[in-house]
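Residue numbering restarts at 1 for every chain, and letters A, B, ... go by the order of the sequence lines. Note that the coordinates shown come from a computational prediction; the quantities given were computed from them, not determined experimentally.
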Protein chains: 4
Amino acid sequence: MLSSEQQKQRKRAHIIHAAARVFAEKGFSGTMMADIADHARIGKGTLYEYFDSKEDLFFSVFEWYARETEAAAKVSISALGGSASERLAILSESVMQSWLKMKDLFTLVMEFWAASASSQMRKRFKGYFRQAYEDFRTVVAALIREGMQHGEFQEDVVPESVAAALVGSWDALLLQAWFDDRFDPLTTARNHVAIVIRGMAGGARVEL
Amino acid sequence: MLSSEQQKQRKRAHIIHAAARVFAEKGFSGTMMADIADHARIGKGTLYEYFDSKEDLFFSVFEWYARETEAAAKVSISALGGSASERLAILSESVMQSWLKMKDLFTLVMEFWAASASSQMRKRFKGYFRQAYEDFRTVVAALIREGMQHGEFQEDVVPESVAAALVGSWDALLLQAWFDDRFDPLTTARNHVAIVIRGMAGGARVEL
Amino acid sequence: MLSSEQQKQRKRAHIIHAAARVFAEKGFSGTMMADIADHARIGKGTLYEYFDSKEDLFFSVFEWYARETEAAAKVSISALGGSASERLAILSESVMQSWLKMKDLFTLVMEFWAASASSQMRKRFKGYFRQAYEDFRTVVAALIREGMQHGEFQEDVVPESVAAALVGSWDALLLQAWFDDRFDPLTTARNHVAIVIRGMAGGARVEL
Amino acid sequence: MLSSEQQKQRKRAHIIHAAARVFAEKGFSGTMMADIADHARIGKGTLYEYFDSKEDLFFSVFEWYARETEAAAKVSISALGGSASERLAILSESVMQSWLKMKDLFTLVMEFWAASASSQMRKRFKGYFRQAYEDFRTVVAALIREGMQHGEFQEDVVPESVAAALVGSWDALLLQAWFDDRFDPLTTARNHVAIVIRGMAGGARVEL
DNA sequence: CATGAATGAGGCTTCATTCAT
DNA sequence: GATGAATGAAGCCTCATTCAT
């Protein structure tokens, strides 16, 4: 039997999932609170028992989405073994894989970007994104630095730069895939990472 | 003395510039037509002499922005000389440079992405973006392929993949720079491109 | 206690009555939705819970008005007894009487005519009017034909023509009364019907 | 060669004709000053050289229309000869004929009615209509009274009532014809007038 | 707690009118 | 005189939010 608090959390989560689908499809402005209530099969008024406002709900969706993708990334990273090159390749692969699983929610990311660009919620979103990107770059840079320390990668490599570009490419390839159904982001990422690894390795042939 | 048609075009452009500033600052939904009229120092009704609707104006801003960035990219490409590696590095540099010049309008791009994700204008935006990315990838891939034909780059390189990642990294690094003032996208791009070029070159040392 | 559906119908009717008064006074274009809301003592937004648009509300007022006058006419007709002449005279009398009761809403009819003449709602109104006039003419013509079969009226009478003129005169006399306070449509109608009946009866003296 | 004043009057009339067509098609509210200017092949601003406002122009159209129909009616009346019955029948016929000629402008009448019902111009229109109907009734009543004096019509006839009904029937039959293409107002009017004349004559057979 | 009917501030858009050319 | 680009008041409608049930 669930405590009342757990009940509440469950319902909150339920609403967030419903809202995520609707926001993904129609965008923040295009979404009506009534839409969300309908999708969650609850009354419009009930939404306000769980969230203060539309913005609050949207931000809650953002937090949920961020937690999900972070969790996925952490799993990817923690499960790594082998050389830095291998681990980098596997990380790229598994990040892409896990994001592709949520592909239909990718439009949410675009909405979040836009929200951090110019909405009234700008600050909250922007701060969160800054931190998230920084964290992610740091993790990847650490991996690269490790590879440099092990002599896998050349000393002229700037870990932060390559990390930023790699992290960025994961976003950007999904973005391009979103615009174009015929675009294959997985293969593209694989090929690109292989080149980057070989580049970092100094041009030496790399076995993955 | 200007012809009436030229006058009209001038004023249209004037409104588009004003609108671009306001949309960039407040986003599509956050912007009121009255804001734009004020910024353009014209009456609210005058906007409708030049544009059918808020959406039409927004899309016109998009077209203008797209033309501007395209033009900048074309200049970069046409002015290239030297080896494929050099030309790639210069292209990257100049694309980043020219986009950075419009940095304060970068939020527009996020708005455009969001618009193609879920607004009612989705189709128009999405189609345009798909084409633009494809065109850009094609140009860059051609450059890489050239490098392969000249023996600069290894035969195992997949030009389309690297092109997509490069194009994507330009977007993505600007995005990260937008979130974080301390992030330097120019240097990052330079470092990344160098690695990619060395990766494509295989064993060959590359002079940039 | 009323069911929710009944409640809704009641409120709808309430709004229609309020709207009828305002439309009657200011006409379709002269009426603002806010006026109607004020008169109905509800919020502006509430109107849209019950009607899709101003036009929809206007047409609903029309339907209500048409139902009311139709109902009145049907009562008049069904309650008839006696000779065709008597019934015709009584019908005329009671139609005029019942329409005079709604005299202050007669301007609505003029608005409806105008709406069927040239508004965007033209088709809906026009079709309805065509049918209503046809139905009414048919009923009156049947009455006249009956009189002909009973030998009350001459054989050279064209029932449809007289019916159309009688039905028309009811409209037209109210119209003239509307323009001129000193004009007495009831007496006028009575005198006219008497003449028409005598005319249809040919040589026969008619007792009313 | 025309004087400047005549020039002005000509152009004024030209605008009125153009406006009449547009108002007839779209109604007062549905008509835009720009529409009228286009139809008159003049600039929007020019309209205001000739008319103070949209309402002024509309009323001018009304005056023109009223003058036209009055003139037609006067011609009908003045040309009459023969018995009162004959003259009445001919009057009816020629009024209907002349109005049918302007059939495509009949919607204007509905607009005028509506304008006198509830527009801001109500008073001007209403007063004019009151007078016009009164005048018309007076003319027809005089004709009937003449017939009574000559012994053509019975003494129990109330000339004003029959006149009102006849005048009304001309309006009303055109109205019904407007709603229903299959309705023949001319024949209907003929048949009705014949009955009315016979009724006034006391049921005696009347030769027309 | 849950609901959904009611609300009204807010924003897009229209169009009669003006006035500089 | 004629024009039509510019204007801004006005009005329809939406939708986040409230609150009585």
Side-chain angles (χ1 to χ4, degrees), chain A residues 4 7-8 11 15 28-38 40-58, chain B residues 1 4 7-8 11 15 29-38 40-58, chain C residues 1 4 7-8 11 15 29-38 40-58, chain D residues 4 7-8 11 15 28-38 40-58:
Chain A
S4 149
Q7 282 268 12
K8 186 133 191 164
K11 192 151 182 181
I15 294 173
F28 179 75
S29 294
T31 294
M32 286 153 53
M33 290 300 266
D35 282 353
I36 296 172
D38 288 351
R41 293 170 190 278
I42 58 170
K44 232 184 318 163
T46 309
L47 289 175
Y48 290 85
E49 297 286 327
Y50 294 85
F51 304 92
D52 289 341
S53 66
K54 189 182 179 185
E55 297 202 348
D56 183 39
L57 173 51
F58 187 60
Chain B
M1 199 169 153
S4 138
Q7 282 270 11
K8 188 132 194 165
K11 191 145 188 182
I15 295 173
S29 298
T31 294
M32 285 153 48
M33 290 300 266
D35 284 352
I36 297 172
D38 289 350
R41 292 171 191 277
I42 57 171
K44 214 163 6 119
T46 309
L47 290 175
Y48 290 86
E49 296 285 325
Y50 294 85
F51 304 92
D52 289 341
S53 65
K54 190 181 177 184
E55 294 203 350
D56 183 38
L57 174 51
F58 187 59
Chain C
M1 199 170 150
S4 139
Q7 281 270 11
K8 188 131 193 164
K11 191 146 189 181
I15 295 173
S29 299
T31 295
M32 285 154 46
M33 289 301 266
D35 284 351
I36 296 174
D38 288 350
R41 292 170 191 279
I42 58 171
K44 211 164 9 122
T46 309
L47 290 176
Y48 291 87
E49 296 285 325
Y50 294 85
F51 304 92
D52 289 340
S53 65
K54 190 182 178 184
E55 295 203 350
D56 183 37
L57 174 51
F58 187 60
Chain D
S4 148
Q7 282 268 13
K8 187 135 190 164
K11 193 151 182 181
I15 294 173
F28 179 75
S29 294
T31 294
M32 286 154 51
M33 290 300 267
D35 282 353
I36 296 172
D38 288 352
R41 294 172 190 278
I42 58 170
K44 231 184 319 164
T46 310
L47 289 176
Y48 290 86
E49 297 287 327
Y50 294 85
F51 304 92
D52 289 342
S53 67
K54 189 181 178 185
E55 296 203 349
D56 184 38
L57 173 52
F58 187 59

> Quick one: CG on D:Leu57 to CD1 on D:Ile36, what's the gap to the nearest 0.5 Å?
Replying inline: 5.0 Å

> Where do B:Thr31 and B:Lys54 come nearest, in terms of heavy atoms and distance?
Replying inline: O-NZ, 2.7 Å

> Starting at CG of D:Asp35 and ending at P of F:dG4, how long is that distance when rounded to a whole Å?
Replying inline: 15 Å

>> Within the 4.0 Å heavy-atom criterion, would you say C:Tyr50 contacts the bases, only the backbone, or no part of the nucleic acid?
In response: sugar-phosphate

> Whole Å only: how far is the CG atom of C:Asp38 from the C1' atom of E:dA6?
Replying inline: 15 Å

>> Please check this pair: side chain of D:Lys8 against backbone of D:Tyr50, looking for a donor-acceptor N/O pair closer than 3.5 Å.
In response: no

>> Please give me the minimum heavy-atom distance between C:Phe51 and C:Ile15, naming the atom from each residue.
In response: CE1-CG2, 3.6 Å

>> Quick check for you: among E:dT7, F:dC12, E:dT13, whose closest atom lies nearest to any side-chain atom of C:Glu49?
In response: E:dT7

> When you check the phosphate oxygens OP1 and OP2 of F:dG1, does a side-chain N or O of D:Lys8 lie under 4.0 Å from one of them?
Replying inline: yes

>> As an exercise, state the distance from NZ of B:Lys44 to CE of B:Met32, rounded to the nearest 0.5 Å.
In response: 8.5 Å

> Across all strands shown, which nucleotide pairs with F:dT21 by Watson-Crick or G-U wobble geometry, both distances under 3.5 Å?
Replying inline: E:dA2

> Taking the side chain of D:Ile42 as heavy atoms from C-beta outward, which of F:dT3, E:dA16, F:dC13 is closest to it?
Replying inline: F:dT3

> Counting only side-chain N and O atoms of A:Lys11, is one of them less than 4.0 Å from OP1 or OP2 of E:dA2?
Replying inline: yes

>> Distance check needed: F:dA10 P versus C:Lys44 NZ, whole Å only.
In response: 15 Å

> To the nearest Å, how far apart are A:Leu47 CG and F:dT18 C1'?
Replying inline: 13 Å

> Looking only at side-chain N and O atoms, does B:Lys54 come under 4.0 Å of OP1 or OP2 in E:dC12?
Replying inline: yes

> With a 4.0 Å cut-off on heavy atoms, is C:Thr31 in touch with a base, just the backbone sugar-phosphate, or nothing at all?
Replying inline: sugar-phosphate

>> As a test of reading the structure: which of F:dA6, E:dA6, F:dA2 is closest to the side chain of D:Thr46, going by heavy atoms?
In response: F:dA2

> How long is the line joining CG of A:Asp56 and P of F:dA16, in whole Å?
Replying inline: 14 Å

> Between E:dA6 atom C1' and C:Arg41 atom CZ, what is the distance in whole Å?
Replying inline: 17 Å

>> So if I take every side-chain heavy atom of B:Met32 and compare against F:dC12, E:dA2, E:dG11, which nucleotide ends up nearest?
In response: E:dG11

> Mapping B:Gly45 and C:Met33 to their closest nucleotides on DNA chain F, which lands nearer the 5' end?
Replying inline: B:Gly45

> So, is C:Tyr48 close to the E:dT7 phosphate, meaning a side-chain N or O under 4.0 Å from OP1 or OP2?
Replying inline: no

> Roughly, in whole Å, what's the span from CG in B:Leu57 to C1' in E:dG11?
Replying inline: 15 Å

> Atom CD1 of C:Ile36 and atom P of E:dT7: how far apart are they, to the nearest Å?
Replying inline: 15 Å

